[in-house]
K.L.:
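This is the structure I want to talk about, given as structure tokens.
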Amino acid sequence: MQKIFLKSKKGFFGVNKGRTHAFGGQYVPEILYPALKELESAYKHILPSKAFQKELLHLYHTFIGRPTPLIYAKNASALLNNEIYLKFEGLANTGAHKINNAIGQVLLAKKMGKKRVIAETGAGQHGLATSAACAKLGIECVVFMGARDIKRQFPNVFNMRLLGAQVVSVESGSQTLKDAVNEALREWSRDCKDTFYVLGSALGPYPYPDIVREFQSIISFELKKQTRTFFKGNPDIMVACVGGGSNAMGFFSHYIQSKVRLVGIEAGGLDSKHNAVRINSKNANIGIAQGYKSYFLSDEYGNLLETYSISAGLDYAGIGPQLSHLKEMGRVEFMSATDAEALEALQFFAKHEGIIAALESSHALSGVLKIAKTTRDKRIVVNVSGRGDKDIFITAKALQKDAWCAFLENEIAEMKGK
Ligand SMILES: *Cc1c(COP(=O)(O)O)cnc(C)c1O
């Protein structure tokens, strides 16, 4: 039996042996090696230092508003015959867990003496968190975003500019996230001396998956203490949604060596053709893309496939390498939720618990609704990775189309009148 890797060894999670794989690595053009080496040194020497950790914790408390609460979902518990608890990351500044990582990496950039931060963003959530972190710590911020995403995600683009960031429209390829990643990498290789690349999920080339997990592990660190006010010992089951894997890794971190049943929920999208299911699906293959080895949605030649999900944050072809490893070791199990199931869970927890979850997080909540049907009296903790304000344009279209159209027509008429 192979060991479970809590952090990467020489950049890899797991070893190539028999039927198991070493995931992760550093599959980038040589021109980026010096930048990654420098980052690795910062990860090993600056990040764990007492001074850095103290400053980071101070920012977590005074800027992000941590600790985020653990909420006992009393009404849902009664209806579902299990004890349900919600770790509500949606109360973090900028509305989701992404700021935990963004503020950490931006602080690291400052300590490394960098003059400028760049980031890529798909839906704009990571761009928003990075822009806010840069505003707080006073460093220049450039966000690369696909031209199509800029059109689709106007509120986040507006807010990033309000926070003082420069949003650069990427016109190449499909004009979405993967093109923005390529452009950010290109820009980084042009100027890695003064520029720090803030990566938004627990993936990409080593050491990013380790760095992002470390910053996000504040979630499970807090949870360890918070469960004690409700019960002794560990939860029975823990559930998180999985895009790239940063909220899941941060949530699972302190529990990987425990006996807790850990469940990741992927985006089941519309059907078996339109989704973002990278584990247990017929188009999921082990491959190498965007700097790391992991499971990807790809064709038989290894080309990444187009993904689809109602939640922009889960709509990505790759999954973080550590989660691929934990899946292969049988430590984390994976399920998926469709768009419709996520919308149902969103409404259930809004109505019964007074919580409007992000569409991404609603996938995790849907997982809870499913799991609860098969168990009784279990302590189930779910990571509600974000709040749903940002999704209003999408959920309104899905749930209250007519009322929403009337509202928008009114607004437009008024703006034109003035
Ligand atoms: C971006 C995002 C996710 C997905 O990213 P992970 O790296 O898998 O956590 C999940 N929830 C919310 C609210 C997000 O903004």
Side-chain angles (χ1 to χ4, degrees), residues 5-9 11-14 21-28 32 35-36 39-40 43 96-98 100-102 104-105 118-123 125-127 129-130 144 176-185 188 197-217 219 240-253 264-267 276-279 284-298 302 304-305 307 309 311-328 332 334 360 385:
F5 283 49
L6 298 178
K7 48 168 115 169
S8 74
K9 234 186 206 145
F12 283 97
F13 299 94
H21 291 262
F23 295 102
Q26 220 170 47
Y27 298 94
V28 295
L32 282 175
L36 288 173
L39 183 62
E40 189 181 336
Y43 162 59
H97 68 292
K98 285 203 171 71
N100 302 331
N101 169 56
Q105 285 195 41
I118 59 171
E120 87 296 332
T121 197
Q125 289 301 111
H126 172 57
T130 306
F144 292 91
T176 58
L177 178 59
K178 73 174 171 42
D179 313 292
V181 171
N182 290 337
E183 196 52 41
L185 284 171
W188 199 28
Y197 177 22
V198 177
L199 208 149
S201 191
L203 41 71
Y206 173 73
Y208 281 111
D210 286 293
I211 290 179
V212 176
R213 182 202 57 243
E214 289 307 307
F215 288 142
Q216 291 294 0
S217 68
I219 303 174
C241 66
V242 181
S246 70
N247 89 87
M249 279 316 305
F251 182 59
F252 294 157
S253 211
I265 313 290
E266 295 186 280
V277 183
R278 290 74 39 93
I279 303 277
N285 299 299
I286 292 174
I288 294 167
Q290 301 200 307
Y292 63 105
K293 178 174 166 183
S294 195
Y295 277 95
F296 291 92
L297 273 184
S298 63
L304 297 189
L305 294 174
T307 52
S309 168
S311 73
L314 304 183
D315 190 2
Y316 184 61
I319 185 170
Q322 190 164 14
L323 279 172
S324 287
H325 166 67
L326 292 169
K327 138 80 185 153
E328 210 175 53
V332 175
F334 285 85
E360 292 83 1
S385 53

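In what follows, residues are counted from 1 in the order of the sequence shown.
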K.L.:
I need the L6 CG to S217 OG distance, nearest 0.5 Å.
P.N.:
11.5 Å

K.L.:
Using side chain to side chain contact (heavy atoms under 4.5 Å, CB included) as the criterion, point out the one residue from Y292, Y295, F13 that pairs with S324.
P.N.:
Y295

K.L.:
Can you see which heavy atom on N247 is nearest to which on C241, and at what distance?
P.N.:
ND2-O, 3.1 Å

K.L.:
Is there a side chain to side chain contact (heavy atoms under 4.5 Å, CB included) between Q125 and T121? Walk through the geometry before answering.
P.N.:
CA-CA 7 Å; Q125 289 301 111; T121 197; 5.6 Å; no

K.L.:
With a 3.5 Å distance limit and no angle check, can you tell me whether E328 reaches the backbone of H21 through a side-chain donor-acceptor pair?
P.N.:
yes

K.L.:
Which heavy atom of P321 sits nearest to which heavy atom of P209, and what is that distance?
P.N.:
CG-CG, 3.8 Å

K.L.:
If I compare all heavy atoms of A276 with all of D315, which pair ends up nearest, and what's the gap?
P.N.:
CB-CA, 4.3 Å

K.L.:
Atom CZ of F5 and atom CG of L326: how far apart are they, to the nearest 0.5 Å?
P.N.:
11.0 Å

K.L.:
Run the side chain to side chain donor-acceptor pair (under 3.5 Å) check on Y197 and E120 step by step: do they pass?
P.N.:
CA-CA 9 Å; Y197 177 22; E120 87 296 332; 2.7 Å; yes

K.L.:
CG/D179 to CZ/F144 distance, rounded to the nearest 0.5 angstrom?
P.N.:
13.0 Å

K.L.:
Is any side-chain heavy atom of K293 less than 4.5 Å from a side-chain heavy atom of I286?
P.N.:
yes

K.L.:
Within the side chain of R278, is there an N or O that forms a donor-acceptor pair under 3.5 Å with the backbone of Y316?
P.N.:
yes

K.L.:
Is it true that a side-chain atom of N285 and a backbone atom of S298 form a donor plus acceptor pair closer than 3.5 Å?
P.N.:
yes

K.L.:
Would a 4.5 Å heavy-atom cut-off, applied to side chains only, mark Q26 and L32 as touching?
P.N.:
no

K.L.:
Please give me the minimum heavy-atom distance between H126 and V198, naming the atom from each residue.
P.N.:
NE2-O, 3.0 Å

K.L.:
If I take atom CD1 from residue I211 and atom CD from residue E40, how far apart are they, to the nearest 0.5 angstrom?
P.N.:
9.0 Å

K.L.:
Does Q105 form a side chain to side chain contact (heavy atoms under 4.5 Å, CB included) with T130? I'd like the steps, not just the answer.
P.N.:
CA-CA 9 Å; Q105 285 195 41; T130 306; over 6 Å; no

K.L.:
S253 versus Q216: any side-chain heavy-atom pair under 4.5 Å?
P.N.:
no

K.L.:
So how far is it from L323 CG to I279 CD1, rounded to the nearest 0.5 Å?
P.N.:
7.5 Å

K.L.:
Show your reasoning for whether side chain to side chain contact (heavy atoms under 4.5 Å, CB included) applies to V277 and F334.
P.N.:
CA-CA 9 Å; V277 183; F334 285 85; over 6 Å; no

K.L.:
Would you name the heavy atoms of A22 and G14 that are closest together and state the gap between them?
P.N.:
CB-O, 3.3 Å

K.L.:
If we ignore hydrogens and angles and just use 3.5 Å, is the side chain of H325 paired with the main-chain N or O of S8 as donor and acceptor?
P.N.:
no

K.L.:
Let's go through Y43 and Y206 carefully: what are the C-alpha distance in whole Å and the side-chain angles of both, what is the deciding distance for side chain to side chain contact (heavy atoms under 4.5 Å, CB included) to 0.1 Å, and is it a yes or a no?
P.N.:
CA-CA 10 Å; Y43 162 59; Y206 173 73; 4.1 Å; yes

K.L.:
Any donor and acceptor pair, going by atom type alone, linking the side chain of S201 with main-chain N or O of L203 inside 3.5 Å?
P.N.:
no

K.L.:
Within this structure, what is the CD1-CG distance for the pair I219 and N100, rounded to the nearest 0.5 Å?
P.N.:
5.5 Å

K.L.:
Can you confirm whether L185 sits close enough to V28 that some side-chain heavy atom of one is under 4.5 Å from a side-chain heavy atom of the other?
P.N.:
no

K.L.:
Give me the atom names and distance for the closest heavy-atom approach of I319 to S294.
P.N.:
O-OG, 2.6 Å

K.L.:
Taking L199's backbone N and O only, do any of them form a donor-acceptor pair with N101's side chain (distance below 3.5 Å, no angle check)?
P.N.:
yes

